[in-house]
Amino acid sequence: KNQVEQSPQSLIILEGKNCTLQCNYTVSPFSNLRWYKQDTGRGPVSLTIMTFSENTKSNGRYTATLDADTKQSSLHITASQLSDSASYICVVTLMYFNKFYFGSGTKLNVKP
Amino acid sequence: GAVVSQHPSRVICKSGTSVKIECRSLDFQATTMFWYRQFPKQSLMLMATSNEGSKATYEQGVEKDKFLINHASLTLSTLTVTSAHPEDSSFYICSARFTKGQNTEAFFGQGTRLTVV
(Lines give C-alpha, C1' and ligand atoms only; values in the text may rest on other atoms or scores of the structure.)
Protein backbone atom coordinates (compact mmCIF):
# COMPACT_ATOMS: atom_id res chain seq x y z
CA LYS A 1 0.00 0.00 0.00
CA ASN A 2 1.38 3.37 -1.02
CA GLN A 3 1.73 5.62 2.00
CA VAL A 4 3.56 8.71 3.19
CA GLU A 5 4.16 9.23 6.89
CA GLN A 6 5.54 12.35 8.47
CA SER A 7 6.98 12.98 11.88
CA PRO A 8 6.72 14.65 14.23
CA GLN A 9 3.08 15.63 13.99
CA SER A 10 3.86 18.96 15.61
CA LEU A 11 6.96 20.74 16.77
CA ILE A 12 7.70 23.84 18.82
CA ILE A 13 11.12 25.47 18.61
CA LEU A 14 12.65 28.77 19.61
CA GLU A 15 13.48 31.38 17.03
CA GLY A 16 17.00 30.95 15.69
CA LYS A 17 17.16 27.22 16.35
CA ASN A 18 17.43 24.51 13.71
CA CYS A 19 14.99 21.65 13.23
CA THR A 20 14.53 18.57 11.06
CA LEU A 21 11.27 17.14 9.81
CA GLN A 22 10.98 13.55 8.63
CA CYS A 23 9.09 11.88 5.81
CA ASN A 24 8.99 8.11 5.24
CA TYR A 25 7.23 6.66 2.24
CA THR A 26 6.33 3.33 0.70
CA VAL A 27 5.23 4.73 -2.66
CA SER A 28 6.67 2.66 -5.46
CA PRO A 29 7.69 3.11 -8.16
CA PHE A 30 8.79 6.54 -7.07
CA SER A 31 8.96 9.53 -9.39
CA ASN A 32 9.70 12.50 -7.19
CA LEU A 33 9.31 13.87 -3.68
CA ARG A 34 8.33 17.40 -2.83
CA TRP A 35 8.17 19.42 0.33
CA TYR A 36 5.54 22.12 0.63
CA LYS A 37 4.99 24.86 3.16
CA GLN A 38 1.41 25.71 3.98
CA ASP A 39 0.63 28.83 5.97
CA THR A 40 -2.66 28.80 7.85
CA GLY A 41 -5.51 29.62 5.51
CA ARG A 42 -3.35 29.51 2.38
CA GLY A 43 -2.57 26.98 -0.31
CA PRO A 44 0.68 24.95 -0.13
CA VAL A 45 3.78 26.46 -1.70
CA SER A 46 6.53 24.28 -3.10
CA LEU A 47 9.88 24.40 -1.29
CA THR A 48 11.90 21.65 -2.96
CA ILE A 49 11.47 18.84 -5.45
CA MET A 50 13.80 15.86 -5.71
CA THR A 51 13.94 13.02 -8.17
CA PHE A 52 15.32 9.53 -7.62
CA SER A 53 18.90 10.50 -8.41
CA GLU A 54 19.07 13.55 -6.13
CA ASN A 55 20.26 13.29 -2.53
CA THR A 56 19.93 16.85 -1.41
CA LYS A 57 18.30 20.08 -2.52
CA SER A 58 18.48 23.48 -0.88
CA ASN A 59 16.22 26.50 -1.02
CA GLY A 60 17.57 29.25 1.19
CA ARG A 61 17.40 28.08 4.80
CA TYR A 62 15.54 24.93 3.76
CA THR A 63 17.54 21.81 2.87
CA ALA A 64 15.84 18.58 1.85
CA THR A 65 17.57 15.22 1.72
CA LEU A 66 16.45 12.02 0.09
CA ASP A 67 17.55 8.43 0.60
CA ALA A 68 15.75 6.44 -2.07
CA ASP A 69 17.12 3.16 -0.72
CA THR A 70 15.53 3.56 2.68
CA LYS A 71 12.66 5.63 1.29
CA GLN A 72 13.25 8.47 3.70
CA SER A 73 13.42 12.21 3.28
CA SER A 74 14.09 15.02 5.69
CA LEU A 75 13.60 18.76 5.62
CA HIS A 76 16.11 20.73 7.64
CA ILE A 77 15.35 24.32 8.57
CA THR A 78 18.30 26.42 9.62
CA ALA A 79 18.15 29.47 11.89
CA SER A 80 14.39 29.36 12.16
CA GLN A 81 12.33 32.52 11.91
CA LEU A 82 8.87 33.31 13.20
CA SER A 83 7.63 33.26 9.62
CA ASP A 84 8.61 29.58 9.38
CA SER A 85 5.60 28.74 11.55
CA ALA A 86 3.44 26.69 9.20
CA SER A 87 2.56 23.15 8.22
CA TYR A 88 5.13 21.30 6.14
CA ILE A 89 3.80 18.66 3.82
CA CYS A 90 5.69 15.87 2.09
CA VAL A 91 4.24 14.72 -1.25
CA VAL A 92 5.44 11.71 -3.21
CA THR A 93 4.57 11.17 -6.87
CA LEU A 94 3.87 7.67 -8.17
CA MET A 95 5.72 7.07 -11.43
CA TYR A 96 3.77 6.39 -14.64
CA PHE A 97 0.43 7.19 -13.05
CA ASN A 98 1.41 10.69 -11.92
CA LYS A 99 -0.59 10.18 -8.76
CA PHE A 100 0.28 12.19 -5.66
CA TYR A 101 0.46 10.82 -2.14
CA PHE A 102 0.34 13.34 0.69
CA GLY A 103 1.77 13.08 4.17
CA SER A 104 -0.38 14.40 6.99
CA GLY A 105 2.07 17.23 7.58
CA THR A 106 4.16 18.53 10.45
CA LYS A 107 2.91 21.66 12.14
CA LEU A 108 5.87 23.82 13.12
CA ASN A 109 5.51 26.62 15.65
CA VAL A 110 8.49 28.95 16.02
CA LYS A 111 8.35 30.98 19.20
CA PRO A 112 10.28 34.15 20.02
CA GLY B 1 7.32 28.42 -10.64
CA ALA B 2 4.01 28.08 -12.40
CA VAL B 3 1.06 30.04 -11.06
CA VAL B 4 -2.35 28.73 -10.16
CA SER B 5 -5.02 31.26 -9.28
CA GLN B 6 -8.07 30.32 -7.25
CA HIS B 7 -11.08 32.55 -6.80
CA PRO B 8 -12.74 33.60 -4.58
CA SER B 9 -10.46 33.40 -1.56
CA ARG B 10 -13.39 33.68 0.82
CA VAL B 11 -17.10 33.20 0.39
CA ILE B 12 -20.02 33.20 2.77
CA CYS B 13 -23.29 31.81 1.52
CA LYS B 14 -26.69 30.90 2.86
CA SER B 15 -27.66 27.32 3.43
CA GLY B 16 -29.31 25.85 0.33
CA THR B 17 -27.53 28.05 -2.18
CA SER B 18 -24.78 27.04 -4.60
CA VAL B 19 -21.23 28.34 -4.73
CA LYS B 20 -18.77 28.19 -7.62
CA ILE B 21 -15.01 28.18 -7.10
CA GLU B 22 -12.65 28.77 -10.00
CA CYS B 23 -9.15 27.43 -10.48
CA ARG B 24 -6.98 28.80 -13.27
CA SER B 25 -3.50 27.89 -14.40
CA LEU B 26 -2.11 31.25 -15.48
CA ASP B 27 1.05 30.41 -17.40
CA PHE B 28 0.71 26.79 -18.40
CA GLN B 29 -1.87 24.36 -19.70
CA ALA B 30 -3.15 21.85 -17.20
CA THR B 31 -4.87 18.79 -18.55
CA THR B 32 -5.36 17.60 -15.00
CA MET B 33 -6.43 19.56 -11.96
CA PHE B 34 -7.20 18.34 -8.48
CA TRP B 35 -9.67 19.52 -5.87
CA TYR B 36 -8.96 19.12 -2.18
CA ARG B 37 -10.79 19.81 1.00
CA GLN B 38 -9.11 20.64 4.27
CA PHE B 39 -10.71 20.78 7.68
CA PRO B 40 -9.04 22.71 10.51
CA LYS B 41 -5.80 21.14 11.70
CA GLN B 42 -6.13 18.30 9.21
CA SER B 43 -4.26 17.41 6.06
CA LEU B 44 -5.47 17.89 2.52
CA MET B 45 -8.06 15.36 1.38
CA LEU B 46 -8.39 14.70 -2.32
CA MET B 47 -11.98 15.09 -3.45
CA ALA B 48 -11.72 14.60 -7.18
CA THR B 49 -9.44 14.65 -10.18
CA SER B 50 -10.57 16.91 -12.99
CA ASN B 51 -9.55 16.04 -16.55
CA GLU B 52 -9.96 18.50 -19.39
CA GLY B 53 -12.72 17.47 -21.73
CA SER B 54 -13.92 14.51 -19.71
CA LYS B 55 -15.78 13.71 -16.53
CA ALA B 56 -14.08 14.14 -13.21
CA THR B 57 -13.00 11.17 -11.15
CA TYR B 58 -14.31 11.37 -7.61
CA GLU B 59 -12.77 9.84 -4.52
CA GLN B 60 -14.77 7.40 -2.48
CA GLY B 61 -17.30 9.09 -0.27
CA VAL B 62 -17.44 12.33 -2.27
CA GLU B 63 -20.89 13.04 -3.70
CA LYS B 64 -20.51 13.87 -7.38
CA ASP B 65 -23.97 15.43 -7.55
CA LYS B 66 -23.13 17.76 -4.72
CA PHE B 67 -19.65 18.77 -5.83
CA LEU B 68 -19.91 19.48 -9.53
CA ILE B 69 -16.62 19.76 -11.37
CA ASN B 70 -16.20 21.22 -14.83
CA HIS B 71 -12.87 21.34 -16.67
CA ALA B 72 -13.91 22.95 -19.92
CA SER B 73 -10.53 24.32 -20.96
CA LEU B 74 -6.85 23.61 -20.40
CA THR B 75 -6.55 26.51 -17.99
CA LEU B 76 -9.79 26.45 -16.04
CA SER B 77 -11.53 24.04 -13.71
CA THR B 78 -14.52 24.92 -11.55
CA LEU B 79 -15.96 23.32 -8.45
CA THR B 80 -19.60 24.06 -7.66
CA VAL B 81 -20.89 23.19 -4.22
CA THR B 82 -24.60 22.70 -4.77
CA SER B 83 -27.25 23.19 -2.09
CA ALA B 84 -24.57 24.01 0.43
CA HIS B 85 -25.07 23.18 4.09
CA PRO B 86 -23.11 24.27 7.16
CA GLU B 87 -21.22 20.97 7.20
CA ASP B 88 -19.80 21.90 3.78
CA SER B 89 -17.97 24.78 5.41
CA SER B 90 -14.31 24.08 4.83
CA PHE B 91 -11.15 25.20 3.07
CA TYR B 92 -11.14 24.11 -0.58
CA ILE B 93 -7.88 24.03 -2.53
CA CYS B 94 -7.20 23.24 -6.16
CA SER B 95 -3.96 22.21 -7.75
CA ALA B 96 -2.85 21.84 -11.34
CA ARG B 97 -0.48 19.21 -12.60
CA PHE B 98 2.51 20.55 -14.48
CA THR B 99 4.68 18.15 -16.45
CA LYS B 100 8.03 19.11 -17.94
CA GLY B 101 10.04 16.29 -19.39
CA GLN B 102 9.99 13.45 -16.91
CA ASN B 103 9.19 15.65 -13.94
CA THR B 104 5.69 16.15 -12.69
CA GLU B 105 4.84 18.78 -10.16
CA ALA B 106 1.68 20.14 -8.60
CA PHE B 107 1.08 23.84 -8.08
CA PHE B 108 -1.61 24.89 -5.68
CA GLY B 109 -4.10 27.70 -5.67
CA GLN B 110 -4.43 30.00 -2.70
CA GLY B 111 -7.48 28.17 -1.39
CA THR B 112 -11.08 29.20 -0.82
CA ARG B 113 -12.57 29.49 2.65
CA LEU B 114 -16.25 28.56 2.35
CA THR B 115 -18.59 29.38 5.21
CA VAL B 116 -22.20 28.28 4.95
CA VAL B 117 -24.54 30.01 7.36
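Since the structure is predicted, the reported quantities are computational estimates derived from the model, not experimental observations. Below, chain A is the first sequence line, B the second, and so on; all start at residue 1.
The candidate with the highest count of non-hydrogen atom pairs below 4.5 Å against chain B, out of A/Ser104, A/Ser10, A/Pro44, is A/Pro44. Per-residue heavy-atom pair counts under 4.5 Å with chain A were compared for B/Ala106, B/Ser43, B/Ser95, and the maximum is reached by B/Ala106.
Defined by atom type and a distance below 3.5 Å, a donor-acceptor pair is present between the side-chain atoms of A/Thr63 and A/Ser58. A donor atom on one side chain and an acceptor atom on the other are not found under 3.5 Å apart for B/Glu52 and B/Gln29.
Counting heavy atoms from C-beta on, the side chains of A/Arg34 and A/Thr93 come closer than 4.5 Å.
Salt bridge B/Glu22/B/Arg24: present, at least one basic N to carboxylate O contact under 4.0 Å.
For residues 3-56 of chain A, the pairs satisfying ring-ring contact (aromatic ring centres under 6.0 Å, His included) are A/Tyr25-A/Phe30, A/Tyr36-B/Phe108, with sequence neighbours left out.
More than 12 heavy atoms of other residues, nucleotides or ligands sit less than 6.0 Å from atom NZ of B/Lys66.
Against chain A, the residues from residues 67-94 of chain B that qualify, each with a non-hydrogen atom under 4.5 angstrom away, are B/Phe91, B/Ile93 in number order.
Heavy atoms closer than 4.5 Å to chain A are found nowhere in B/Gln6, neither backbone nor side chain.
Listed here is the closest heavy atom pair of A/Ser73 and A/Leu33: OG-CD2, 3.5 Å.
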